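Before any comments, here is the structure.
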Amino acid sequence: MARLGDLLFAFPAVLTAILLTAALGAGAVNVVLALGLFNAAVFARVARGAALAVWRRDFVRAALALGRGPLSVTLVHVLPNIAGVVIVQGTVLFAVAVLNEAALSYLGLGIQPPSPSWGKMLGDAQTFLFTAPLQAIFPGAAIAVTVLGLNLLGDGLRDALDPRHRSAGLL
C-alpha cells in the first residue's frame, strides 16, 4: 500500500485527476473518484505517520506491557491521539478538493451541466469578463471564501484538539 501511495505521489494531484477524468469521462462520479484516489494516499500517509509516532510513546508501551492487545491499544490510545491530526488534514484536503474540482470544471472535465460548479461558472464567465465582470467575481469569491473558511476551520480545530497547544495556552 505504501508503494502504491508513493506511485501516486509521483504525479501531481491535478494532473492525475485530469488523466482519470479524460480517460473515464467527465462527470461528478469520476471527479470524486479522481480526487479521492489521490487524497486518500495523502490522508493515509499522514495518519500512518502520526500513528507510528504515538506507538513509540511510553504510555502505549506501558499498555502493551500490561497485557492489552494491539487492537485495544489502537482503539483506546492511538486513535484518540491522532484524531486531531486526521481531522485537520481532512479540512485541508477538503479545501484542496474544492480547488481541484473547480479547476477540472473550468477545463470542462469536471461536473457537467445542469449541475452547478464554480469552476464551470468561471469558465463560462471568461468570455464576458469585460462586459459583465460580476459573473466571474462571484464564483471566484465563493471559491476563495470557501477555501479560506476551510483553512481557518482546520487551524481552529488544530488549536482546539492539540493537547500540547491547549496546555501551553493556560500558562
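What you are looking at is a predicted structure, and each value in this text was computed from that prediction instead of being measured.
To the nearest 0.5 Å, the span separating CG on Asp124 from OG on Ser117 amounts to 9.5 Å. The CE atom of Met121 sits 15.0 Å away from atom OH of Tyr106, with the distance rounded to the nearest 0.5 Å. In this structure, Leu157 CG and Leu152 CG are separated by 11.0 Å, a value rounded to the nearest 0.5 Å. With rounding to the nearest 0.5 Å, the separation of CG in Asn30 from CG in Leu20 is 8.5 Å. Between Leu109 atom CG and Lys120 atom NZ the span is 10.5 Å, to the nearest 0.5 Å. In this structure, NE2 on His77 lies 8.5 Å from CG on Leu64, to the nearest 0.5 angstrom.
In terms of heavy-atom proximity, Glu101 sits nearest to Val31 at CG-CG1, 3.9 Å. In this structure, Leu104 and Ala17 approach most closely via the heavy-atom pair CD1-CB, 3.7 Å. Closest of all the heavy-atom pairs between Ile82 and Ala47 is CD1-O, 4.1 Å. Heavy-atom minimum distance, Ala125 versus Ala136: CB-N, 3.6 Å. In terms of heavy atoms, Trp118 sits closest to Pro139 at O-CB, 3.9 Å.
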| Do Thr16 and Leu19 pass the side chain to side chain contact (heavy atoms under 4.5 Å, CB included) test, and can you show the C-alpha distance, the side-chain angles, and the key distance before you say yes or no? | CA-CA 5 Å; Thr16 306; Leu19 177 72; 5.6 Å; no
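Checked by atom type and distance alone, the side chain of Asn39 pairs as donor or acceptor with a backbone atom of Leu35 at under 3.5 Å. Judged purely by atom type and a 3.5 angstrom limit, Asn81 has no side-chain atom pairing as donor or acceptor with the backbone of Val54. Looking only at distances, no side-chain donor or acceptor of Ser115 sits under 3.5 Å from a matching main-chain atom of Ile111. The backbone N or O of Ala102 sits nowhere less than 3.5 Å from a side-chain atom of Ser105 that would complete a donor-acceptor pair. Using modelled atom types, no side-chain atom of Ser72 and backbone atom of Gly69 make a donor-acceptor pair closer than 3.5 Å. Without hydrogens or angle criteria, Gln112 side chain to Gly108 main chain gives a donor-acceptor distance under 3.5 Å.
When hydrophobic clusters are built by joining Ile, Leu, Val, Met, Phe, Trp and Tyr residues whose side-chain heavy atoms come closer than 4.5 Å, directly or via intermediates, Val85 is not grouped with Val42. In the hydrophobic clustering of this structure, Val92 does not group with Val98; members are Ile, Leu, Val, Met, Phe, Trp, Tyr whose side-chain heavy atoms approach within less than 4.5 Å, directly or through other members. A continuous path of Ile, Leu, Val, Met, Phe, Trp and Tyr side chains, each step under 4.5 Å between heavy atoms, connects Phe43 with Leu79, placing both in one hydrophobic cluster. Taken together through direct or relayed side-chain contacts under 4.5 Å among Ile, Leu, Val, Met, Phe, Trp and Tyr, Val32 and Leu24 form parts of separate hydrophobic clusters.
Taking the side chain as every heavy atom from C-beta outward, Val147 and Leu150 never approach each other to under 4.5 Å. At a threshold of 4.5 Å between non-hydrogen side-chain atoms, the residues Val76 and Arg68 count as touching. Side-chain contact between Ile143 and Leu122: present, with at least one pair of heavy atoms (C-beta onward) separated by less than 4.5 Å.
Residue Phe138 qualifies as open at atom CZ: its count of foreign heavy atoms under 6.0 Å is 12 or below.
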